[in-house]
Chemist: 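I'd like to ask you about the structure that follows.
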Amino acid sequence: MQDKTLKTSAASAENKNPIITTRGLVKKFNGKTVLRGIDADIYEGEKVAVIGPSGSGKSTFLRCLNLLEIPTAGTIAFGDEIIYESDYYAQKDKLKELEAKKRVYTSGSDDEQVEKLTEKLETLKNDKKESERLTKELKNHLKLLKATSYRDGAQAEAEETAAKISAAKAETAALTVEIKKAKADIKARKAEVRSSLDASVTASLQAEIDKQRKITAQSRARHKKFIAQMEKTIDSHRRTTGMVFQHFNLFNNLSVLDNITLAPIKTGLEAVKERKKLLKAAARKGDENAKAELLSLPHKLEIIENARKQAYELLDRVGLKDKAGVYPVTLSGGQKQRIAIVRALAMNPKIMLFDEPTSALDPEMVGEVLQVIKKLADDGMTMVIVTHEMGFAREVATRVLFIDEGLIKEDAPPKELFGDPKNERLKEFLSKVL
Ligand SMILES: Nc1ncnc2c1ncn2[C@@H]1O[C@H](COP(=O)(O)OP(=O)(O)OP(=O)(O)O)[C@@H](O)[C@H]1O
Ligand SMILES: [Mg+2]
């Protein structure tokens, strides 16, 4: 593992702590690179709006932040704690590069003469293909002529075509010979290059490869270990980030209240169970304090009551206290999204991540949801919000990130980013959406 403390970017306010930091965040899906090395710091209290074209990686970025997606490479830290770190894929790429370099050197394919000969070979191959194509075309034409042989002049044309076919065939044959010769020439030249290779260069390339192989193997071992560890801690990390999706993702078979209290109750009970185990062990050893504490642990009913109480308070805050007992199907989109927000808040997250929370809503419901988010922002909640609502971003965000092709291309306060965009792609994007 590398340096535990990550350097913060120039944008850092000195008295503030980053809640989430990413460095060189890369995400690939089946070999397709979607995030290409994102460096971001989200500071306490910030409201960061993320904008950018469709498919640019905004959702993937957000999902990586709470580990709904496991990144391919890079670092993610929550506060000072590094929760994901890997350079395995980068090291692997480096190894591949070195191996390719050596291959090129020892095969002689970067020799100038070999390059010229290879180019010539390509031209000959193309010529041959063209000649074959012509032969085929002429043959088809001849077939057609034969089928219409009763027409005037068809006989003469057929003879002429047959002659053309012979010529084209001869051309193809000649090209085949030339291609064979070109291939032999390349082989000979490569052999010549190989015999004059500088052994010390080959050896040093091999040494570099050997070294990189070791580094890659070590990095792979670390990567695997990290992934294995992460599986144990991932839930607790996710709990510190509240995520709200475009499509609410409420449980339709649970009442609003149960939707909200499900996770806090589960977490609360797990925590008590865990603590009980520890205290019991201590009590067995005759620890009187542990015994007393064991007795004072909250019991199941208390945990449930507390979760419910908090749920009602939160529902009240979004104006939906009277909806606690109903099922999500009876709610409007705007109400569902407000419940989804409450559900995320019920875990007391340090940061809220919103992925286009209003884009699935009918226009008349957008306002009520944005209002709730704005209120949260005003109350000091740190948030990252992917949004197409440029007006909202301008009004509420303290900083806007423009993501394009998997990279942050611009990072500025809204006034600056919207008023004086620097990046060409951003200018183009804004001209379409504003
Ligand atoms: N699970 C996945 N498997 C394969 N490809 C994926 C996966 N998730 C996302 N992608 C691809 O990654 C790219 C970025 O997707 P992402 O959803 O992050 O874009 P976005 O910026 O949020 O777009 P939008 O504005 O349309 O929501 C897309 O090409 C998408 O097809
Ligand atoms: Mg998206």
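Numbering of ligands and ligand atoms starts at 1, following listing order. Quick note: residue numbers are just sequence positions, from 1. Computed from heavy atoms alone, side chains included, the values below leave out hydrogens, waters and symmetry copies.
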Chemist: What residue and atom, counting heavy atoms only, is the protein's closest point to atom 26 (O) of ligand 1, and at what distance?
Modeler: Ser54 OG, 2.6 Å
Chemist: Quick one: nearest non-hydrogen protein atom to atom 18 (O) of ligand 1, plus distance?
Modeler: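 Residue, atom and distance for the closest contact: Thr60 OG1, 2.5 Å.
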Chemist: Is a donor on one side and an acceptor on the other found under 3.5 Å between the side chain of Ser255 and the backbone of Asp258?
Modeler: yes
Chemist: Tell me, which protein residue and heavy-atom name are nearest atom 23 (O) of ligand 1, and how many Å apart are they?
Modeler: Gly55 N, 2.7 Å
Chemist: If we set the cut-off at 4.0 Å for heavy atoms, which region of Val34 has an atom near ligand 1: side chain, backbone, both, or neither?
Modeler: side chain
Chemist: Does the residue Gly52 have a heavy-atom contact with ligand 1, meaning some pair of atoms that are separated by less than 4.0 Å?
Modeler: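 The answer is no, since Gly52 has no heavy atom less than 4.0 Å from ligand 1.
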Chemist: So for ligand 1, is Asn30 a polar contact partner (N or O within less than 3.5 Å, distance only)?
Modeler: no
Chemist: What protein heavy atom is closest to atom 1 (N) of ligand 1, reported as residue, atom name and distance in Å?
Modeler: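 Of every protein heavy atom, Phe29 CE2, 3.4 Å lies nearest to atom 1 (N) of ligand 1.
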Chemist: For Phe418, check ring pair (Phe, Tyr, Trp, His ring centres under 6.0 Å) against everything at least two apart and list the hits.
Modeler: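 None.
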Chemist: Which residue and atom name correspond to the protein heavy atom nearest atom 25 (O) of ligand 1, and how close is it?
Modeler: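 Ranked first by proximity to atom 25 (O) of ligand 1 is Lys58 NZ, 2.7 Å.
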Chemist: Take Arg133 and Glu130, measure what salt bridge (Lys or Arg N to Asp or Glu O under 4.0 Å) needs, and give me the verdict at the end.
Modeler: CA-CA 5 Å; Arg133 192 195 58 75; Glu130 179 54 27; 2.8 Å; yes
Chemist: Check whether NZ of the Lys or CZ of the Arg Arg343 lies under 6.0 Å from the centre of the six-membered ring of Phe251 and within 45 degrees of that ring's axis.
Modeler: yes
Chemist: Could you tell me the residue and atom name of the protein heavy atom closest to atom 17 (O) of ligand 1, and the distance to it rounded to 0.1 Å?
Modeler: Ser59 CB, 3.6 Å
Chemist: Do Glu270 and Lys266 touch side chain to side chain, with heavy atoms closer than 4.5 Å?
Modeler: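 Yes, at least one pair of side-chain atoms sits under 4.5 Å.
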Chemist: Within a strict 4.5 Å, meaning less than it, do heavy atoms of the Tyr105 and Arg194 side chains meet?
Modeler: no
Chemist: Salt bridge check: are Arg63 and Asp355 linked by an N-O gap of less than 4.0 Å?
Modeler: no
Chemist: Nearest protein heavy-atom contact for atom 27 (O) of ligand 1: which residue, which atom, what distance?
Modeler: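 For this ligand atom, the closest protein heavy atom is Glu356 OE2, 3.5 Å.
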Chemist: Check whether any N, O or S atom of Thr60 sits under 2.8 Å from the Mg ion (ligand 2).
Modeler: no
Chemist: Could you tell me whether Lys427 and Glu424 have a side-chain N and a carboxylate O separated by less than 4.0 Å?
Modeler: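 Judged by the 4.0 Å cut-off on N to carboxylate O distance, Lys427 and Glu424 do form a salt bridge.
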Chemist: Identify the closest protein heavy atom to atom 31 (O) of ligand 1: which residue and atom is it, and at what distance?
Modeler: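 Among all protein heavy atoms, the one nearest atom 31 (O) of ligand 1 is Lys32 NZ, 4.2 Å.
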Chemist: Can you name the atoms of ligand 1, numbered from 1 with element, that are less than 4.0 Å from a heavy atom of Pro53?
Modeler: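 Under 4.0 Å from Pro53, ligand 1 has these atoms: 21 (O).
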Chemist: Could I get the full list of salt bridge (charged side-chain N to carboxylate O under 4.0 Å, His left out) partners for Arg338, not counting sequence neighbours?
Modeler: Glu368
